[in-house]
Amino acid sequence: MTKARDIMTPDAQCMRTSDTVLDAARRMAELDVGALPICGEDDRLKGMVTDRDIVTKVLAGGKDPRAMHVGELAQGEAVTVGADDEVGEVLRTMSEHQVRRLPVIDGQDLVGMVAQADVARVLDQTRVGDVVEDISVPG
């Protein structure tokens with residue numbers, strides 16, 4: 001069976017909790033991605049920062065992205081999948097939590113990211129459509 005580690009993008013770039021939101025926005029633009037994991041100084045995953053978070057929680061809220069730290073956007077426990085989880089588990093997790101991107105961990109270590117597009121490449125089109133609908137439609 002196909003595992004998360006087989007389809008993930010390895011070597012995920014992590015923002016530190018102490019990095020500014022502006023730093024995160026610039027890194028997203030540089031990497032052409034819409035989300036980045038947030039890691040503490042201990043390299044442990046603390047959450048995710050998305051382009052939507054930056055717009056809705058920072059800019060629309062009138063906050064200064066140069067003064068606000070990404071750690072302030074890390075809320076609750078990050079939704080993750082294990083590197084050895086099968087693609088079906090990745091899909092279930094994406095659907096259940098309505099997320100398009102998941103950090104992949106091996107033990108406590110962040111080893112990559114798996115996105116909806118990564119899953120779509122290994123599934124038949126019917127299942128891909130179901131997953132996109134589950135993720136996109138509030139339940």
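Quantities reported herein were computed from a predicted structural model and do not represent experimental measurements. The analysis underlying the following values was restricted to heavy atoms, covering all of them including side chains, and did not include hydrogens, waters or symmetry mates.
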Same cluster for [X] and [Y] if Ile/Leu/Val/Met/Phe/Trp/Tyr side chains link at under 4.5 Å?
| X | Y | result |
| --- | --- | --- |
| V81 | V122 | yes |
| V87 | M8 | yes |
| V33 | V49 | yes |
| V111 | V119 | yes |
| M28 | L73 | yes |

For [X] and [Y], which heavy atoms make the closest approach, and how far apart are they?
| X | Y | value |
| --- | --- | --- |
| V104 | A4 | CG1-CB, 4.2 Å |
| A115 | M94 | C-CE, 3.6 Å |
| L110 | A12 | CD2-CB, 4.0 Å |
| G47 | A74 | CA-CB, 4.3 Å |
| V99 | L102 | CG2-CD2, 3.6 Å |
| P103 | V79 | CD-O, 3.2 Å |

Ion pair D42/R16, N-O distance below 4.0 Å: no
Less than 4.0 Å between a side-chain N and a carboxylate O, is that true for R5 and D106? yes
Are the side chains of [X] and [Y] in touch, meaning some heavy atoms are under 4.5 Å apart?
| X | Y | result |
| --- | --- | --- |
| R66 | T20 | no |
| H69 | T17 | no |
| R121 | I7 | no |
| V70 | D23 | no |

Using modelled atom types and a 3.5 Å cut-off, is there a donor and acceptor pairing between side-chain atoms of E89 and backbone atoms of E86? no
Between [atom1] on residue [X] and [atom2] on residue [Y], distance to nearest 0.5 Å:
| X | Y | atom1 | atom2 | answer |
| --- | --- | --- | --- | --- |
| L36 | M113 | CG | CE | 7.5 Å |
| D109 | I105 | CG | CD1 | 9.0 Å |
| R27 | M15 | CZ | CE | 4.5 Å |
| D118 | R101 | CG | CZ | 11.0 Å |
| T56 | D51 | OG1 | CG | 9.5 Å |
| S18 | E72 | OG | CD | 11.0 Å |

